[in-house]
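Take a look at the structure set out below.
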2 protein chains.
Amino acid sequence: MEGFPLKNSAIDIEKDFKKYETIAEKLKAIAHPYRLCIVRGLLSGECNVTTIQECLNLPQSTVSQHISKLKSAGIIEGKRNGLEICYRVVDNDIINAVKLLFND
Amino acid sequence: MEGFPLKNSAIDIEKDFKKYETIAEKLKAIAHPYRLCIVRGLLSGECNVTTIQECLNLPQSTVSQHISKLKSAGIIEGKRNGLEICYRVVDNDIINAVKLLFND
DNA sequence: TAAAAGTATTATTATATCTTAATATTACAA
DNA sequence: TTGTAATATTAAGATATAATAATACTTTTA
């Protein structure tokens with residue numbers, strides 16, 4: 001009977017629901033084996049797309065699209081370095097959650 | 001150049017990839033605002049479907065389908081108690097990850 | 001400035017997910 | 001044993017996601 005967050009005023013419901021949406025968006029971004037692999041890989045050192053691509057053995061556009069989703073979700077950021085772009089994980093909640101899930 | 005998990009032998013690649021798939025499955029199960037809300041709600045006390053349904057203000061079948069996905073993913077378990085079924089979160093990784101993401 | 005390397009975008013097809021009404025199941029009570 | 005409450009399942013249409021070939025963009029080097 002108790003414990004559910006969405007039972008207060010309409011304002012609370014709106015505010016709370018936004019938080020669920022925000023966090024669900026982040027989770028959706030990493031809820032894919034390739035993207036999870038990319039994030040975990042990036043956690044052990046910055047890396048460019050070509051390296052990721054070779055490791056995962058996927059077409060370049062596939063990797064680029066996954067990278068793009070992670071970037072849109074605010075989970076990774078890229079810094080251009082000449083021809084390459086180096087990506088790193090910038091969302092602390094996601095960093096901790098991934099470490100937790102993999103026992104790293 | 002370093003840090004990506006899928007660069008060793010074929011066997012390692014297979015084994016590692018399974019882990020990414022397994023964890024991605026769990027994440028996908030909670031990567032939805034309603035399901036995230038259900039899980040977080042259940043974390044503050046067991047609860048039957050009717051209560052959840054009233055709190056989320058969704059059709060009964062919608063809630064039931066979300067419950068079903070969480071159950072299939074091994075994240076929650078239900079125990080029947082007369083007419084009702086009481087659900088609780090049983091996956092410790094998910095429990096900790098959700099707490100972490102919500103700062104609970 | 002032309003070629004090449006690294007990366008992003010677009011377009012397309014296939015597949016999966018979401019929502020919900022309708023229907024079924026299960027357990028209790030009259 | 002009939003009715004009703006709590007929950008699950010099915011079916012269907014709408015929407016979203018996935019993979020990838022083709023193409024475009026950006027930066028460096030010759």
Side-chain angles (χ1 to χ4, degrees), chain A residues 1 4 6 17 20-39 41-42 45-88, chain B residues 1 4 6 17 20-39 41-42 45-88:
Chain A
M1 198 104 66
F4 263 78
L6 298 193
F17 194 65
Y20 289 106
E21 282 181 317
T22 304
I23 296 183
E25 276 307 308
K26 282 190 193 178
L27 287 172
K28 208 162 58 169
I30 63 166
H32 185 288
Y34 293 156
R35 291 198 293 271
L36 201 50
C37 188
I38 290 171
V39 168
L42 292 180
E46 304 190 12
C47 205
N48 61 23
V49 175
T50 306
T51 311
I52 298 170
Q53 177 190 336
E54 285 164 357
C55 292
L56 289 175
N57 201 31
L58 289 173
Q60 181 264 323
S61 68
T62 304
V63 172
S64 197
Q65 301 234 45
H66 285 305
I67 293 262
S68 175
K69 287 195 180 173
L70 291 169
K71 207 168 31 175
S72 298
I75 289 170
I76 67 175
E77 274 178 20
K79 197 177 78 175
R80 184 175 277 276
N81 196 340
L83 286 175
E84 305 179 347
I85 298 179
C86 273
Y87 287 97
R88 57 188 242 281
Chain B
M1 198 105 66
F4 262 79
L6 297 194
F17 194 65
Y20 290 107
E21 281 181 318
T22 304
I23 296 183
E25 275 308 308
K26 281 190 193 177
L27 287 173
K28 209 162 55 169
I30 62 167
H32 184 287
Y34 293 157
R35 292 198 293 272
L36 201 50
C37 188
I38 291 171
V39 169
L42 292 178
E46 305 191 14
C47 205
N48 62 22
V49 175
T50 305
T51 311
I52 297 171
Q53 178 191 335
E54 285 165 357
C55 291
L56 289 175
N57 201 32
L58 289 174
Q60 182 265 323
S61 69
T62 303
V63 172
S64 198
Q65 300 234 44
H66 285 304
I67 293 264
S68 176
K69 287 196 179 172
L70 291 169
K71 206 167 35 177
S72 298
I75 289 169
I76 66 175
E77 273 179 22
K79 198 177 78 175
R80 184 176 275 276
N81 197 341
L83 286 176
E84 305 178 345
I85 299 179
C86 273
Y87 288 97
R88 57 188 241 280

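Predicted model, so just to flag it, every value in this text is computed and none were measured. Residue numbering restarts at 1 for every chain, and letters A, B, ... go by the order of the sequence lines.
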Among residues at least two apart in sequence or on other chains, which ones pass side-chain hydrogen bond (donor to acceptor under 3.5 Å, both in side chains) with A:K69?
none

My understanding is that only residues two or more places apart in sequence, or in another chain, count here; which of them pass side-chain hydrogen bond (donor to acceptor under 3.5 Å, both in side chains) with B:Q65?
none

Do the non-hydrogen side-chain atoms of A:L83 and A:N48 ever get within less than 4.5 Å of each other?
no

Atom OH of A:Y20 and atom CG of B:L56: how far apart are they, to the nearest 0.5 Å?
9.0 Å

When you measure from every atom of DNA chain D, which of residues 79-87 of chain B have a heavy atom less than 4.0 Å away?
B:L83, B:E84, B:I85, B:Y87

To the nearest angstrom, the CD-C1' distance between A:Q53 and D:dA21 comes to 14 Å

dist A:L58:CG -> A:Q53:CD (nearest 0.5 Å) comes out at 8.0 Å

Residues A:I52 and A:C47: closest non-hydrogen pair is CG1-SG, 4.1 Å

Which residues pass the side chain to side chain contact (heavy atoms under 4.5 Å, CB included) test with A:E77, sequence neighbours left out?
A:R88, A:V90

Rounded to whole angstroms, how far apart are CG on A:L58 and C1' on D:dA21?
15 Å

Just call it for A:T50: base, sugar-phosphate, or nothing, with non-hydrogen atoms closer than 4.0 Å on any strand.
sugar-phosphate

Non-neighbouring partners of B:E21 that pass salt bridge (charged side-chain N to carboxylate O under 4.0 Å, His left out), sequence neighbours left out:
none

Please tabulate, one pair per line, all N/O donor-acceptor pairs under 3.5 Å involving side-chain atoms of residues 26-36 of chain A, not counting sequence neighbours.
from: A:K26; atom 1: NZ; to: A:D91; atom 2: OD2; distance (Å): 2.7
from: A:K28; atom 1: NZ; to: A:E25; atom 2: OE2; distance (Å): 3.4
from: A:H32; atom 1: ND1; to: A:Y34; atom 2: N; distance (Å): 3.1
from: A:R35; atom 1: NE; to: A:A29; atom 2: O; distance (Å): 2.5
from: A:R35; atom 1: NH1; to: A:H66; atom 2: ND1; distance (Å): 3.0
from: A:R35; atom 1: NH2; to: A:K28; atom 2: O; distance (Å): 3.4

Using 0.5 Å steps for rounding, measure from the CD1 atom of A:I38 to the SG atom of A:C55.
10.5 Å

Angle between the end axes of the helix from C:dT1-D:dA30 to C:dA30-D:dT1, five pairs per end, to the nearest 10 degrees?
10°

Show the distances under 3.5 angstrom between N or O atoms of the protein and N or O atoms of nucleotides 12-19 of chain D.
from: D:dT17; atom 1: OP1; to: A:K28; atom 2: NZ; distance (Å): 3.0
from: D:dA18; atom 1: OP1; to: A:R35; atom 2: NH2; distance (Å): 3.4
from: D:dA18; atom 1: OP2; to: A:R35; atom 2: NH1; distance (Å): 3.4
from: D:dA18; atom 1: OP2; to: A:K69; atom 2: NZ; distance (Å): 2.3
from: D:dA19; atom 1: OP2; to: A:H32; atom 2: NE2; distance (Å): 3.4
from: D:dA19; atom 1: OP2; to: A:H66; atom 2: NE2; distance (Å): 2.9

Could you tell me from which nucleotide to which nucleotide of DNA chain C, 5' to 3', there is an atom under 4.0 Å from chain A heavy atoms?
C:dA5 to C:dA11

Test side chain to side chain contact (heavy atoms under 4.5 Å, CB included) applied to B:I76 - qualifying residues, sequence neighbours left out:
B:L42, B:I67, B:L70, B:K71, B:Y87, B:V89

Partners passing side chain to side chain contact (heavy atoms under 4.5 Å, CB included) against B:S68 (at least two apart in sequence or in another chain)
B:S72

Go through the structure and list residues passing side chain to side chain contact (heavy atoms under 4.5 Å, CB included) with A:T22, not counting sequence neighbours.
none

